[in-house]
Amino acid sequence: MSKRIEVRDLNVYYSKFLAVEGVSLEIEPRSVTAFIGPSGCGKSTFLRTLNRMHEVIPGARVEGEVLIDGNNLYDADVDPVLVRRQVGMVFQRPNPFPTMSIKENVLAGVKLNNKRISKSDADALVEKSLQGANLWNEVKDRLDRPGSSLSGGQQQRLCIARAIAVSPEVILMDEPCSALDPISTLAIEDLIEELKQDYTIVIVTHNMQQASRVSDRTAFFNIAGTGKPGKLIEYDDTTTIFSNPSVKATEDYVSGRFG
Amino acid sequence: MTTATAQITAKQRPGDRVFSGSAVFAGSMILVTLAAVAGFLLIQSLPALVASNEDASILDSNFWAYVGPLVFGTVWAALLALVMALPISIGIALFISHYAPRRLASVLGYIVDLLAAVPSVVFGLWGIGVLAPAIQPLYSWLVDNMGWFPLFAGPVSGTGRTILTAAVVLAVMVLPIITAICREVFLQTPVLHEEAALALGATRWEMIRIAVLPFGRPGIISASVLGLGRALGETMAVAMVLSATGAVTFQLLTSVNPSTIAANIALSFPEAYGINVNVLIATGLILFVVTFAVNALARWIVSRRKEFSGAN
C-alpha cells in the first residue's frame, strides 16, 4: 500500500510570494525520506504540498506536478479531500481532538464521509492502529478517556494511530518530535522504523541526528536570504549527505558551520 | 498543598495596592447590586405571596394561580424564539467564520452587531406594523391545511398578533447576541485541530463537525443562555406585539395567547395600586428565579463534559 512520489518543477506560492522554487525529486516506496534545512527554507511548506494541505491557507497555490504512482495530485479533476485520505499527516504539535476519547480519535478519520463501521470491526481497527503506533499497551484500559489526558509523546503516537487507521499510502511528518522529550522522541523514531515496512514516510526535522538515524534518503533545502525562495540544494542517500555531500552548503550545514 | 510554616509575603508596591483595591471594589459591586435587587424583590413580594383576591383586585384566587400562566407564557415564548434563532445564528456565525471571504465576513459581522443596537421598541413597531399583517395569511393557510397538528390548531387569529409572532420578533432580537458570541467562539478554534481534521480527509463540513462545533459547544450553550435571558426579560416588543388573554395554551396561531411576566408588568403597572403593585413585583421575583434557574442549568450542562473540553 505504499506508493512512489515524483515531484516535477514545483513552485509554491503564498499569494504573490514565491516560497519554494523549482523542486524536483523522487521518493521511493517503503522508504524514509528526511527534509532538513534552516528555519524558513520552505521544507514544511513543500511537505504540505504533498497532500494538498498547503492550499488550506488563503492565497496559497502551487505550480508544477506532484505524481503519486503516476497520477498528478494537482490535476483539475482531483479532489483534495481524497488526496488527503491517501496521504496522511502528523503535525509538529500533537493535536488529538480534545472533545473525543482515545478510541474516537483513532476512528475519527474512518468515520468521515458517513462511512458506517460495525462495533467489532471498529474495536479491531482501534486495537490494530494503536498496536501499530506502539500505544496499545499504555492505553488499552482507558480507551474512553479523553485524548488530551495523555502525555505529549503518547498524544503524538495517538495522532500517528489516527493517521494509519485510514490506511494511507504515504505518511507525512512535520517535525513530529520537536515538542517531545528525548524518551518520547526515541519511541517515535523506533515507530518510524517499523512503519517503513508498510508506508512511504516523509519527515521534516530540525534534528540532524534524527535525520541520519531514521532516514534512507535526505533532502537539504536552503534559502539565499530573507524574502528569497527556498530551493532544494541536494538530495541523496542519507549516508552520502552526511559523510560526503557534493555541495559546499550542505557540508557546512550538516557539519554545523551554519544554521 | 502543604502549608508553609513561615508565610512569605511579597513586597507591596503602591501601584499594586491601588490596582488590587480597585479590582476588589469592582468585583464586590456586582455582589452589592445583586443583593440590593434581590432584597428589594423579596421584601416587596412578601405581602403578595400570601394575598388573596380580597386584598388585591388583580388576583382571581391567589398569587400562584396568577403567576402560573405568566411563567408558562414567558418560558414558552422565549423557548420558541430560541428554537428559531439558534440554528440561524449558528449558520450565520459559521458562514462568517469559515465560509465567507474575509471582506464580506467583516461587513456581515458589522451588520449583525448593528442589529443588536436597534431599540426593542422599534422591533415592537415592526412586529405590529409589518410582521403581523404580513404573516397573517400564512397563519390562515397553516390552520386550514395543517390544523391537525396540535400547535397549528384553529381558529386563526385575525390580526396575526399571536404568541408565534411575538416569538419571531424575539428571535430577531436575540439573533445578534447569539451570532456574535458563536462567531467569536468559532474563530477561536485552534488551527491545529482544523488541520488535523482536514489532513484526515475531512470535507469542510466534516471539519466543522468534528473540530469546530465540539470545540465551540460550551460557547454555543453560553450564547443560548444569554439569548434566552434576553428573550425571557424582553418587555416592550412583547407588550406591543402580543394580544394576550392570559390563557395557558400551546396553540400558536389563535387569538387566545398567554402573556409574559415582563410584558404583563409593563402593561398593568400604570393602573396598579396598593397590594396589586406588590403582586406585580412578586411576578418580577419569579422571573428573576426563572432566569437564574436557566443559567444554573446551562452551567451544569457545560460542566458535565469538562474533561473533554480541551481546557486541560
Side-chain angles (χ1 to χ4, degrees), chain A residues 47-48 50-59 79-102 104-115 144-150 155 158-159 162-168 171-174 179, chain B residues 90 94-109 182-183 185-223 301-312:
Chain A
L47 185 80
R48 289 167 64 100
L50 300 183
N51 68 342
R52 296 191 65 169
M53 278 299 285
H54 173 65
E55 66 203 47
V56 169
I57 298 159
D79 184 353
V81 166
L82 298 178
V83 170
R84 294 179 200 135
R85 284 182 195 169
Q86 282 181 49
V87 185
M89 189 160 194
V90 176
F91 294 83
Q92 191 168 355
R93 287 191 29 219
N95 55 358
F97 298 114
T99 53
M100 295 184 189
S101 68
I102 293 171
E104 288 167 335
N105 261 291
V106 176
L107 293 174
V110 184
K111 284 189 172 161
L112 290 174
N113 216 1
N114 296 324
K115 238 181 276 166
D144 292 321
R145 302 282 303 144
S148 47
S149 67
L150 300 173
Q155 286 188 24
L158 177 59
C159 293
R162 181 175 66 186
I164 61 180
V166 294
S167 11
I171 300 178
L172 308 177
M173 299 188 175
D174 188 358
Chain B
I90 292 177
L94 280 177
F95 180 71
I96 293 176
S97 64
H98 284 85
Y99 284 93
R102 200 170 298 172
R103 197 171 299 164
L104 179 62
S106 63
V107 171
L108 262 178
C182 287
R183 180 192 63 198
V185 172
F186 294 158
L187 285 172
Q188 299 298 319
T189 313
V191 177
L192 221 56
H193 297 148
E194 295 182 359
E195 292 199 331
L198 290 174
L200 282 172
T203 60
R204 183 89 67 104
W205 162 238
E206 286 168 336
M207 182 270 279
I208 286 170
R209 216 184 53 210
I210 67 179
V212 179
L213 289 179
F215 176 84
R217 189 172 155 276
I220 295 172
I221 293 171
S222 306
I301 294 173
V302 170
S303 68
R304 238 178 359 150
R305 273 172 64 89
K306 199 177 229 154
E307 55 180 14
F308 283 91
S309 71
N312 47 358

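Lettering follows sequence order; numbering is per chain, from 1.
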Subject >> Side chains of A:L112 and B:I210 in contact at under 4.5 Å (non-hydrogen atoms) >> reply: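 Contact flag for A:L112/B:I210 side chains = yes.
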
Original post:
Is there side-chain contact between A:T99 and B:R217, with heavy atoms separated by less than 4.5 Å?
Top reply: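 No, their side chains stay 4.5 Å or more apart.
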
Original post:
With sequence neighbours excluded, what pairs up with A:H54 under the ring-ring contact (aromatic ring centres under 6.0 Å, His included) test?
Top reply: A:Y14

Original post:
Checking B:E194 against chain A: side chain, backbone, both or neither under 4.5 Å from a heavy atom?
Top reply: neither

**OP:** Would you mind checking which part of B:R102 comes under 4.5 Å of any heavy atom in chain A, side chain (CB onward), backbone (N, CA, C, O), both or neither?
**Re:** side chain

Subject >> Partners meeting side chain to side chain contact (heavy atoms under 4.5 Å, CB included) with B:V185 (sequence neighbours left out) >> reply: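 In terms of side chain to side chain contact (heavy atoms under 4.5 Å, CB included), with neighbours along the sequence ignored, B:V185 is linked to B:I181.
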
Segment of [X] engaging chain B (4.5 angstrom heavy-atom cut-off):
| X | answer |
| --- | --- |
| A:V56 | side chain |
| A:R162 | both |
| A:V83 | neither |
| A:P96 | backbone |

Original post:
Nearest 0.5 Å, what's the CG-CG distance between A:L107 and B:L200?
Top reply: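 Separation between the atoms: 11.0 Å.
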
**OP:** Could you tell me the separation between the CZ atom of A:R93 and the CD atom of B:E195, rounded to the nearest 0.5 Å?
**Re:** 11.5 Å

**OP:** Search all heavy atoms of B:A196 against all heavy atoms of A:N95 and return the closest pair with its distance.
**Re:** CB-ND2, 3.2 Å

Original post:
Considering all heavy atoms of both residues, which atom of A:R84 and which atom of B:L198 are nearest to each other, and what is their separation?
Top reply: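 Taking A:R84 first and B:L198 second, the nearest heavy atoms are CD-O, 3.1 Å.
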
Original post:
If you count heavy-atom pairs under 4.5 Å with chain A, which of B:A211, B:A197, B:G201, B:A202 comes out on top?
Top reply: B:G201

**OP:** Check the pair B:E206 / A:R85 against salt bridge (charged side-chain N to carboxylate O under 4.0 Å, His left out), numbers first and verdict last.
**Re:** CA-CA 13 Å; B:E206 286 168 336; A:R85 284 182 195 169; 3.6 Å; yes

